[in-house]
Structures are given as structure tokens and as C-alpha cells.
Protein chains: 2
Amino acid sequence: MARTQGSRAEITGPLIRDEARRLFARQGFAAVSMRQIAAAVGVQAGALYAYTDDKQALLHELLQSHMQDLLGAWRDDPAADPLTRLEAFVRFHIGFSLDHSDAVFLSYMELRNLTPENFQDIAELRGRYEDGLHRILCDGIEAGVMRVADSRLATMALIAMLTGVTNWYREGGRLDRRRIGDVYWALTRGAVGAD
Amino acid sequence: MARTQGSRAEITGPLIRDEARRLFARQGFAAVSMRQIAAAVGVQAGALYAYTDDKQALLHELLQSHMQDLLGAWRDDPAADPLTRLEAFVRFHIGFSLDHSDAVFLSYMELRNLTPENFQDIAELRGRYEDGLHRILCDGIEAGVMRVADSRLATMALIAMLTGVTNWYREGGRLDRRRIGDVYWALTRGAVGAD
DNA sequence: GTCTATACAGGGATAGAC
DNA sequence: GTCTATCCCTGTATAGAC
């Protein structure tokens with residue numbers, strides 16, 4: 001913040017993304033100025049443009065790398081039994097969402113501020129993730145260990161329910177993550193008729 | 001839009017709210033200008049200030065009246081059996097959310113753009129609504145017709161799941177509302193262990 | 001790579017005429 | 001109640017020095 005000159009490309013790039021993610025999540029993409037991001041990083045506004053084409057590109061990069069991290073971090077074993085896979089999904093999704101709550105919030109709230117091309121790109125990545133859960137439900141139904149009236153709706157309903165933890169979870173609150181995972185897994189198991 | 005002069009207070013006031021709600025929901029509070037709202041209504045920007053103190057007050061009024069409509073529209077009968085009450089809640093919440101999807105979206109996305117006082121006001125109203133569902137779950141548990149590990153978490157989880165319909169529902173899509181209500185009620189019934 | 005300075009557009013809000 | 005005109009601020013993005 002007090003620095004005047006000097007080149008530190010290795011750390012400034014990531015820092016810009018970190019601060020932009022944080023600020024966009026807290027105040028909204030449109031409400032955050034490039035000056036504000038620059039101030040948080042400790043550079044002048046003009047310096048940001050050495051790292052990103054413009055504000056839109058910055059948002060797109062944030063959402064894109066988040067979705068890629070999400071897809072890369074999730075491991076599904078199609079050979080395992082569907083209930084085990086579903087439980088793994090539930091715990092993974094909750095944990096990942098809480099670990100990346102700013103990015104998760106951005107991915108739901110700021111899609112509307114993407115250009116059509118960038119929106120398509122992110123929507124495609126999200127669809128791939130949703131398909132992963134959908135496959136588990138279909139396998140579970142086929143195996144006779146789950147029972148839902150509409151697997152597509154159940155997919156959307158479960159993701160909305162699980163992602164909702166980010167709305168109320170506060171670090172150091174009443175419940176730890178393990179316990180939250182237990183509760184949500186119980187709700188999920190019931191919802192898919194696996195009891 | 002082409003009008004030059006003339007007073008039509010009766011219709012301009014509501015129109016401002018309608019257009020502001022629509023635009024805020026689609027583009028975000030910060031991204032929408034007062035000039036843009038005025039253009040949608042068919043007046044000049046200055047005319048808006050005859051109806052609202054400022055942009056912040058406009059947002060607050062929208063969220064406040066939405067929450068009051070929501071609370072006013074929901075009828076719970078504490079004397080009825082808990083499963084009947086829960087089903088009524090599920091169908092009501094889905095229907096109301098779809099009927100007021102812009103306002104629902106606003107209520108989740110733009111809380112961060114409220115001043116602290118205004119935020120408190122809206123949070124209090126929302127808490128009252130959540131408490132209503134919580135009471136149903138507690139009554140159901142006590143009556144032995146529901147089984148959840150944590151009634152507070154279940155409350156938040158169910159509301160998130162149900163509100164999620166607004167993320168994917170499109171008028172004239174694959175499913176009508178009755179059918180969507182059926183599917184979500186089945187998911188809910190299972191989640192609370194009522195099968 | 002970062003700075004300072006700046007171009008240029010658009011923002012919220014107000015004043016005074018009608 | 002609405003219009004036109006305007007104040008003043010802030011926004012994104014760029015240019016050129018260091």
C-alpha cells in the first residue's frame with residue numbers, strides 16, 4: 001500500500017486475483033472499481049492492466065479457474081457403489097464450497113455480468129459438474145438403492161441445498177465441518193429415498 | 001418513453017419499483033443507473049427523486065415490501081398436523097418464489113448493498129420467515145412424524161433447496177408447477193425422514 | 001512492472017422552470 | 001410531477017516517464 005516503485009510480477013498477479021475475488025464477492029462486480037482492487041493489492045490502477053485485458057477478463061478468469069479447480073478436485077469412482085459415491089460428493093461439495101466461499105458466491109451471483117461468450121464457457125463447465133452428480137443418482141436409481149421422481153430436478157435441488165451452507169456458515173460457529181457434513185448427508189440420503 | 005410533460009403519480013410510483021426490481025435483478029444494483037431506470041419508466045432521471053430519497057432507499061423499499069408480501073401471503077395452521085403444514089410450506093414457497101423470482105433473487109443477492117441499518121431490518125424479516133418453517137419441523141419432530149439431526153440446519157437446507165428452483169425454472173419448460181411441487185415435496189418428505 | 005497524469009464517459013443527485 | 005440543465009465525482013482505460 002505504501003510502496004512507490006518496483007517490480008514483483010510473481011506475487012502481484014496472484015494477489016490481484018485474490019483481492020478481486022474477495023472484493024467482487026463482498027460488494028458485487030459492478031460495485032468494485034479497478035482503483036479499489038489496485039489499492040487492496042498495493043499498486044496503482046494502471047498497473048492492473050499489465051495482468052489483465054480489462055475488468056471483464058478478470059471476472060472471467062476468476063470464474064473459469066474456480067470451475068476448473070472444482071472439476072479437478074472432485075474424484076468420483078464410477079465402480080464404487082452409488083451411495084458411497086453420493087456421500088463422497090456431499091462431503092466434497094460442502095468442504096470445497098466452504099473452502100472457496102468467495103468463488104462459489106461469485107459463480108452464482110456474477111454470471112449475469114459475463115459477456116455472452118464468457119457466460120457460455122462457464123455454463124459449460126458448470127454443466128459438466130452437475131452431470132457428475134446426475135450420473136451418481138442415475139446409477140443409484142438403476143441399482144435400486146435410490147428413489148427419486150426426477151433425477152434432473154433432484155440434481156439441481158441437491159446442489160442448491162448443499163451450496164446453501166455458504167449462506168449461513170461462520171468459522172468458529174456452533175458446528176464444525178464434520179458435523180455439518182453428517183447432517184447434510186443424512187438429509188441427502190433421505191431426499192433420495194435411500195433410507 | 002416519448003412523453004414530455006404531465007403528471008401521473010398513481011402509475012409512475014409503482015412503475016418505478018417494477019422497473020427497478022426488474023433491472024436490479026438482471027444486472028445488479030450497482031450496475032443499474034438511475035437514468036436507466038428512468039428511461040425504462042419513461043421519465044427523466046430527476047423525476048425519480050419525487051418518489052424516493054435515493055437509490056439506496058429504492059433498494060430497501062423493494063426488499064422490505066417483498067419480505068412483507070412473503071410473510072403476509074403465507075398462512076400456517078399450527079393446529080394442523082406437521083406433515084400437512086410442511087407440504088403446504090413447500091408448495092407455497094416454490095409458487096411464491098416463481099411468481100416473484102426477481103424479488104427473490106434480489107433478496108439473496110443485494111443484501112450486501114444495503115446500509116447496515118437497512119440490512120438489519122431485512123434480516124429480521126427473513127428470520128421471521130425462517131422461524132416459521134423451523135416451528136413446523138420442531139412440531140413434526142415432537143410429534144414423531146419427522147426425524148432430523150439438527151432442526152436449524154434442516155431449516156436452512158430446505159429453504160436453500162426450494163429457493164433453488166428460481167435458478168433453473170423457465171416458463172413453458174419441461175415441467176409445470178404442480179409437477180415441480182410434487183417432486184420437491186417428495187424430496188423434502190424424504191429429507192425430514194417422514195417416509 | 002509500476003508510476004503519474006489524464007482522456008473521456010457515465011454515475012448520483014439537485015435547481016429552477018413549467 | 002416532470003422537464004432540462006448542470007454540478008461534481010468516480011469510473012475504465014491508456015500514454016509515457018522511470
Side-chain angles (χ1 to χ4, degrees), chain A residues 1-24 26-63 106 110 112-115 118, chain B residues 1-63 106 110 112-115 117-118:
Chain A
M1 190 64 225
R3 180 162 51 100
T4 49
Q5 289 269 0
S7 165
R8 326 190 279 176
E10 336 72 53
I11 69 164
T12 300
L15 215 55
I16 288 172
R17 297 188 180 205
D18 289 346
E19 295 297 341
R21 186 185 308 111
R22 196 176 60 84
L23 290 166
F24 287 165
R26 277 166 183 58
Q27 306 177 42
F29 174 73
V32 175
S33 70
M34 294 298 266
R35 288 192 233 270
Q36 204 178 341
I37 298 168
V41 172
V43 297
Q44 294 297 316
L48 300 181
Y49 293 88
Y51 296 91
T52 185
D53 279 353
D54 53 25
K55 203 183 170 190
Q56 167 71 210
L58 185 52
L59 176 62
H60 180 226
E61 286 160 21
L62 286 175
L63 296 189
L106 269 190
E110 300 298 354
R112 62 188 175 185
N113 279 308
L114 291 172
T115 61
N118 289 342
Chain B
M1 188 69 225
R3 178 163 49 101
T4 47
Q5 290 271 359
S7 166
R8 324 191 280 176
E10 337 72 51
I11 70 164
T12 300
L15 216 54
I16 289 173
R17 296 187 179 206
D18 288 346
E19 296 295 341
R21 186 185 309 110
R22 196 175 59 85
L23 289 167
F24 288 164
R26 276 164 186 59
Q27 306 177 45
F29 175 73
V32 175
S33 70
M34 294 297 267
R35 290 190 229 271
Q36 202 177 343
I37 298 169
V41 172
V43 296
Q44 293 298 314
L48 299 182
Y49 292 87
Y51 296 90
T52 185
D53 281 352
D54 52 24
K55 203 182 170 189
Q56 167 71 210
L58 186 52
L59 176 62
H60 181 225
E61 287 160 21
L62 286 175
L63 297 189
L106 269 189
E110 301 298 354
R112 61 191 175 183
N113 279 308
L114 291 171
T115 61
E117 301 77 28
N118 289 343

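Every heavy atom of this structure was used, including side-chain atoms; hydrogens, water molecules and symmetry mates were not. Letters go in sequence order (proteins before strands), and every chain restarts at 1.
By the side-chain hydrogen bond (donor to acceptor under 3.5 Å, both in side chains) test, Glu61(B) pairs with Arg17(B), sequence neighbours left out. Remark: Ala30(A) engages Ala30(B), Ala31(B) in a side chain to side chain contact (heavy atoms under 4.5 Å, CB included) (not counting sequence neighbours).
Contact annotation: Thr12(B) side-chain N/O to dG1(D) OP1/OP2 distance is not under 4.0 Å. A sub-4.0 Å separation between OP1 or OP2 of dT4(D) and a side-chain N or O of Gln44(B) is present.
Taking atom OH of residue Tyr51(A) and atom P of nucleotide dA13(D), one finds them 17 Å apart after rounding to whole Å. Rounded to an integer number of Å, the gap from CD1 of Ile16(A) to P of dA13(D) is 13 Å.
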Letter per nucleotide, 5' to 3', of nucleotides 7-14 of chain C [B base touched, S only sugar-phosphate touched, - untouched; heavy atoms, 4.0 Å]:
----BBBB
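A side chain to side chain donor-acceptor pair (under 3.5 Å) check over residues 32-47 of chain B, counting only residues at least two apart or in different chains, returns the pairs Gln27(B)-Gln36(B). Among pairs with a residue in residues 42-59 of chain A, none fulfils salt bridge (Lys or Arg N to Asp or Glu O under 4.0 Å), at least two apart in sequence or across chains. Applying the salt bridge (Lys or Arg N to Asp or Glu O under 4.0 Å) definition to pairs two or more places apart or across chains, those involving residues 21-30 of chain B are Asp18(B)-Arg21(B), Glu19(B)-Arg22(B), Arg26(B)-Asp102(B).
Within the model, atoms CZ of Phe24(A) and CD1 of Ile37(A) stand 4.0 Å from one another, a figure rounded to the nearest 0.5 Å.
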